[in-house]
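Notes for the one structure printed next.
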Amino acid sequence: MTAATFVPERYNPQTNEPHWREVWERDGVFTTADDDPRPKYYVLEMFPYPSGRIHMGHVRNYTMGDVVARYKRARGFNVLHPMGWDAFGMPAENAAMQNKVHPKDWTYQNIDHMRGQLKIMGLSLDWTREFATCDVDYYAQQQALFLDFLEAGLVTRKTSRVNWDPVDNTVLANEQVIDGRGWRSGALVEQRELTQWFFKITDFSDDLLDAIDGLDQWPDKVRTMQANWIGKSRGLSFEFRVKGAPEGFERLPVFTTRADTMMGPTFAALAVDHPLTTELAKNSPALREFIAECQRIGTSEEAIQTAEKLGFDTGLKVGHPADDSFELPLWIANFVLMDYGTGAVIGCPAHDQRDLDFARKYDLPVIDVFKPLGSDDAVEDTAFVPAKTERVRYVCWHGETDTEITCQEAMDRTLALYEENGWGKGVTQYRLRDWGISRQRYWGCPIPVIHCDSCGVVPVPKADLPVQLPDDVSFDKPGNPLDHHPDWKQVPCPKCGEAARRETDTMDTFVDSSWYFARFTAPRAETPTVPAIANDWLPVDQYIGGVEHAILHLLYSRFFSRAMQATGHLAMKEPFKGLFTQGMVTHETYKGADGRWLFPEEVLIEGDSARHVETGEAVAIGGIESMSKSKKNVVDPTTIIETYGADTARWFMLSDTPPERDIEWTDAGAEGAHRHIQRVWRLVSEVAAVTPADALDSKPDSFGAEALALRKTSHRMVHAVADDIEKLAFNRAVARIYDATNALGKALSAFDGQTADMAYAVREAARFLAEAMQPMTPHLSEACWSLLGGKGLMATKAWSAVEDALLEDDTLTLPIQINGKKRADLTISREASKEAVEAAALSDETVIKFLDGNVPKRVIVVPNRIVNIVV
RNA sequence: GCGGGCGUGGUGGAACCGGUAGACACACGGGACUUAAAAUCCCGAGGCCCUAGGCCGUGCGGGUUCGAGUCCCGCCGCCCGCACCA
């Protein structure tokens with residue numbers, strides 16, 4: 001048979017894919033042993049919340065992780081690649097309220113369904129290690145960790161504010177507050193102060209900040225965001241002397257990062273929840289009304305900072321720390337945060353935009369402390385906020401006039417002056433706050449403590465763990481079901497034996513996800529970790545997930561590693577050695593004539609316009625946005641996999657778009673991906689049919705030009721794909737594979753079946769193609785491998801070694817520029833000296849023509865790169 | 001508001017350290033095969049100028065450099081996070 005007469009069968013993913021998954025499962029190919037002598041590699045994708053169905057974002061995330069896992073396995077590593085479920089959280093309780101289904105049943109049903117969906121993706125996961133964070137076995141160990149942290153002094157109780165729905169009598173999450181109202185009741189939200197549990201993450205502020213330097217396999221943007229979140233700053237701490245203050249409030253601590261503006265404040269302001277504000281409100285109905293109004297904004301910093309600036313003049317005056325006779329009016333302002341600094345600020349409108357907006361609104365004076373060099377313009381509606389390193393002219397500065405120094409110098413001098421005179425002192429401040437973990441909800445890990453009237457807060461003895469969630473709960477009334485449960489909280493005090501009450505708060509679900517990666521190393525252990533095993537596997541070599549977790553989840557996990565180290569559960573501080581943040585999956589949006597969103601399958605696209613599949617009504621094509629249920633611009637992975645197979649979905653997710661960027665799902669793209677799968681199968685089938693099965697058993701002594709060219713392409717492809725996968729540049733690997741596929745196709749159509757060198761090159765190219773695609777399209781590759789007579793499973797095969805001699809050419813083509821513009825090409829030996837290259841370039845016909853008799857001023861030769869002739 | 005990121009043909013993108021801008025793919029157009037269609041294969045293609053050839057071109061405006069998509073300064077647009085969504 002020849003290539004011309006061979007008619008291949010179409011590749012059928014519906015039969016092939018389940019077959020290979022069964023083989024992998026039968027052979028336990030992806031079950032990981034801890035005692036395997038090979039070097040360990042731990043690859044982990046952020047585990048999913050069991051919402052009910054997997055979405056395309058999961059497909060993308062898990063495909064990327066799987067490529068790394070399969071590739072590393074081929075490179076000889078003992079790979080740990082587990083999967084679990086981030087299973088506690090609000091949606092289960094919402095489902096319970098709406099559909100009368102128990103959160104536990106809802107969650108485990110969702111997990112069962114989603115596990116099935118993940119399995120058909122062909123992921124190389126060790127399912128024997130699976131767990132859900134709502135498994136009693138998991139949260140029991142989390143409670144043990146809590147008790148250890150408590151004992152180690154890493155846990156504290158203090159008050160903090162929550163969004164309170166006065167109609168439903170329940171605490172609201174920030175996302176449940178919409179325009180200042182409760183999402184269900186519509187009531188205006190209030191704020192309440194509750195005593196809550198906190199992890200003392202601020203004990204590690206400096207360490208969490210300093211250690212960012214060592215996270216050299218993390219994206220710079222995430223490192224910057226974490227550093228900014230911790231927000232270490234050096235500034236001036238001083239006191240306001242409050243004239244006519246209520247008793248105990250005569251002196252108020254204040255902190256400012258811009259000490260150099262202390263010559264120009266025009267007001268002082270307190271947070272709405274500052275103790276003095278509360279005190280003054282006792283005798284002022286107007287202030288109480290003002291506070292209530294501010295509190296309707298909610299507790300999120302975003303809402304507070306974007307709200308219109310509001311102020312209330314207390315009528316009190318405070319003295320400037322350097323000159324008590326310089327008096328500033330004391331205001332209450334809604335943009336001052338109680339959580340940062342001391343909840344009191346000194347307002348210098350000329351050099352802070354918020355202060356300026358506030359001053360303009362309430363007609364407060366604006367004093368220019370400094371001006372840009374060469375300008376005498378006074379600030380109008382834009383504050384002048386130069387970088388600390390910028391030189392500016394200080395108009396009037398402690399007796400000096402027109403001093404030109406940098407802001408940093410001015411700050412240093414102010415600090416020194418204040419310390420000398422006892423007006424204030426330099427202090428270091430952090431933006432980072434302790435981590436409040438208390439949630440007034442049912443579906444979370446119970447906090448294992450007991451409140452006793454005589455003994456106070458008593459930890460649950462470890463022997464009494466787990467504190468299990470009761471199953472018999474009702475969601476008929478709002479609020480925390482644990483709190484209204486008839487008897488769950490009634491327990492004797494472990495210390496004195498008297499009647500006491502269980503803590504009814506559960507933990508923030510971020511706690512669950514802050515150590516699951518450690519639990520995967522010993523998922524059934526009766527302690528949180530088995531340190532010897534955990535330390536062998538951790539840190540996670542490559543962690544992959546969405547950018548939306550760049551700060552909180554990752555910072556909390558970093559805290560947990562430190563806390564687990566302090567309590568003897570782990571030996572390392574940093575949980576994730578390599579981090580990759582992938583982009584989202586987007587899709588076009590569609591709206592019907594009545595303005596309702598439409599699912600993509602309801603829409604028929606015709607050129608630039610669209611209409612409804614059934615009704616034929618005109619459909620408006622909207623923007624390309626992140627897939628979301630609310631906008632219906634979602635594509636169900638299961639449908640895609642049923643239509644095209646998992647390999648097509650995987651291939652599409654890796655093609656074209658760089659993994660860190662958003663990818664747009666299009667039908668055309670999916671079809672294109674599928675065509676490639678079919679094409680590879682066709683080519684490999686053809687190779688199997690037209691070349692002898694033993695073609696690779698003996699290597700020909702020499703190769704003709706075409707065979708050599710094909711071999712160069714295949715070897716370079718395997719080499720480059722390996723490099724690209726190491727760098728997680730999957731889209732580049734895909735482009736390389738397309739290239740090699742095209743080369744194989746061309747070689748095959750010219751192949752007459754006679755020459756041994758070409759038979760060898762073609763077989764080799766086909767095997768390399770199947771092999772390089774294995775991490776991405778594992779089912780197809782397994783089928784190709786089998787067809788080509790490969791021994792054993794592709795999934796367990798070692799990555800092929802390439803021949804270095806085939807990777808580089810002896811000659812290369814250099815571009816020649818004249819005055820920076822490309823004018824000619826020069827083909828020359830890779831080994832040629834600079835002088836030889838220069839001589840060859842200057843004697844080039846085109847170059848001579850362009851020089852037109854002019855003598856080059858300069859010739860720049862960058863070896864193996866470029867020649868630039870300057871005339 | 002604050003913090004972070006991104007922006008290159010009709011589209012997704014490539015260009016590794018500042019060195020040939022547009023690899024590879026999608027969509028499109030033309031051709032081959034076919035009774036026909038699908039599938040497949042081949043060819044074409046950033047824009048402008050009449051061609052040889054040249055000019056312009058990486059969101060916009062400046063700058064540094066022999067040379068800028070890449071570095072610097074200033075804008076514009078879009079996206080993510082903001083501590084109780086996960």
Side-chain angles (χ1 to χ4, degrees), chain A residues 10 46 48-49 51 86 88-91 160 162-163 171-177 196 201 219-222 224-229 231 299-307 309 335 339 353-354 357 431-441 508-510 513 546-553 555-556 581 583-584 586 623 625-626 655-658 660-664 666 668-669 671-673 675-676 678-679 682 723 727 729 731-732 734-739 741-742 745 749 813-825 857-860 862 865-871:
Chain A
R10 263 181 88 74
M46 291 180 185
Y49 178 79
S51 57
D86 189 12
F88 275 135
M90 282 201 311
S160 70
V162 293
N163 301 306
V171 176
L172 298 176
N174 283 335
E175 72 158 8
Q176 296 174 318
V177 178
Q196 312 216 59
I201 190 171
D220 284 341
K221 63 173 173 186
V222 176
T224 310
M225 282 195 257
Q226 293 232 334
N228 289 341
W229 187 261
T299 57
S300 89
E301 190 172 321
E302 184 193 3
I304 293 166
Q305 296 275 307
T306 51
K309 285 170 188 58
F335 63 90
D339 291 316
Q353 193 60 45
R354 285 167 305 179
D357 294 344
R431 210 184 74 97
L432 183 66
R433 312 197 295 255
D434 277 332
W435 172 13
I437 61 157
S438 285
R439 298 292 180 270
Q440 294 69 42
R441 292 187 222 293
D508 178 8
T509 55
F510 271 125
S513 56
V547 232
E548 64 273 20
H549 295 293
I551 297 174
L552 294 178
H553 162 59
L555 195 63
Y556 291 152
T581 54
M584 295 178 305
T586 63
E625 299 189 49
S626 163
S655 309
D656 297 342
T657 301
E660 69 277 10
R661 237 182 267 182
D662 289 353
I663 190 170
E664 188 194 349
T666 61
E671 281 157 20
R675 267 202 299 278
H676 176 71
Q678 290 293 347
R679 185 172 185 222
R682 201 164 50 240
D723 190 51
K727 290 174 179 158
N731 58 317
R732 291 200 308 222
V734 166
R736 286 289 192 169
I737 288 168
Y738 276 126
D739 233 6
T741 310
N742 290 341
S749 58
T813 302
L814 292 182
I816 304 176
Q817 294 182 335
I818 294 172
N819 289 336
K821 290 198 173 187
K822 191 206 161 193
R823 297 297 181 186
D825 286 312
K857 251 190 267 179
R858 216 177 132 185
V859 179
I860 295 146
V862 184
R865 276 278 183 201
I866 205 167
V867 182
N868 191 11
I869 302 168
V870 186
V871 189

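Keep in mind the model is a prediction, meaning the values are calculated, not measured. Order of the sequence lines sets the chain letters (A, B, ...), proteins ahead of strands, with each chain counted from 1.
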Can you tell me, in whole Å, how much space there is between the [atom1] of [N] and that of [M]?
| N | M | atom1 | result |
| --- | --- | --- | --- |
| B:rG54 | B:rA21 | P | 13 Å |
| B:rC43 | B:rC56 | C1' | 28 Å |
| B:rU20 | B:rU58 | C1' | 15 Å |
| B:rA83 | B:rC72 | P | 31 Å |
| B:rU34 | B:rC48 | P | 38 Å |
| B:rU11 | B:rG44 | P | 22 Å |
| B:rG10 | B:rG22 | C1' | 14 Å |

When all nucleic acid strands are considered with a 4.0 Å heavy-atom cut-off, which category describes [X]: base, sugar-phosphate, or nothing?
| X | result |
| --- | --- |
| A:Ala668 | sugar-phosphate |
| A:Lys857 | nothing |
| A:Arg736 | nothing |

Of the options B:rG4, B:rG19, B:rC24, whose atoms approach the side-chain atoms of A:Lys221 most closely?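 Comparing B:rG4, B:rG19, B:rC24 against the side chain of A:Lys221, the answer is B:rG4.
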
Listed pairs, N/O of protein and of nucleotides 71-75 of chain B, under 3.5 Å:
none

List for me each residue that meets ring pair (Phe, Tyr, Trp, His ring centres under 6.0 Å) alongside [X], sequence neighbours excluded, and say none if there are none.
| X | value |
| --- | --- |
| A:Tyr49 | none |
| A:Trp435 | A:Phe199, A:Tyr556 |
| A:His549 | A:His553 |

Heavy atoms, side chains only, cut-off 4.5 Å: are A:Gln440 and A:Gln196 in contact?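 Side-chain contact under 4.5 Å: yes.
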
Output the rounded distance in Å from [atom1] ([X]) to [atom2] ([N]).
| X | N | atom1 | atom2 | result |
| --- | --- | --- | --- | --- |
| A:Ile860 | B:rC66 | CD1 | P | 7 Å |
| A:Ile737 | B:rA23 | CD1 | P | 19 Å |
| A:Lys822 | B:rC55 | NZ | P | 14 Å |

Set of side-chain hydrogen bond (donor to acceptor under 3.5 Å, both in side chains) partners for [X], sequence neighbours left out:
| X | answer |
| --- | --- |
| A:Glu660 | none |
| A:Arg441 | none |
| A:Asp723 | A:Lys727 |

Output all residues satisfying side chain to side chain contact (heavy atoms under 4.5 Å, CB included) with A:Gln678, sequence neighbours left out; order by chain, then residue number.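 Partners of A:Gln678 by the side chain to side chain contact (heavy atoms under 4.5 Å, CB included) criterion, ordered by chain and then number, come out as A:Arg10, A:Tyr11, A:His674, A:Arg682.
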
Contacts of A:Ser300 that satisfy side chain to side chain contact (heavy atoms under 4.5 Å, CB included) - sequence neighbours left out: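 Partners of A:Ser300 under the side chain to side chain contact (heavy atoms under 4.5 Å, CB included) test: A:Asn174, A:Glu302, A:Ala303.
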
Set out, line by line, the N/O atom pairs under 3.5 Å between protein and nucleotides 41-44 of chain B.
| residue | atom | partner | partner atom | Å |
| --- | --- | --- | --- | --- |
| B:rC41 | OP1 | A:Arg679 | NE | 3.0 |

Counting primed atoms plus P, OP1 and OP2 as sugar-phosphate and everything else as base, spell out the protein contacts along nucleotides 80-86 of chain B at 4.0 Å heavy-atom distance: B, S or - for each nucleotide, 5' to 3'. -SBBBSB

Pairing string, 5' to 3', for RNA chain B - Watson-Crick or wobble contacts under 3.5 Å, brackets [ ] where pairs cross, | to another strand: (((((((..(((......[....))).(((((.......))))).((((...))))..(((((..]....))))))))))))....

For the base of B:rG3, is there a side-chain donor-acceptor partner from A:Asn228 under 3.5 Å away?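 Per atom types, no contact qualifies.
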
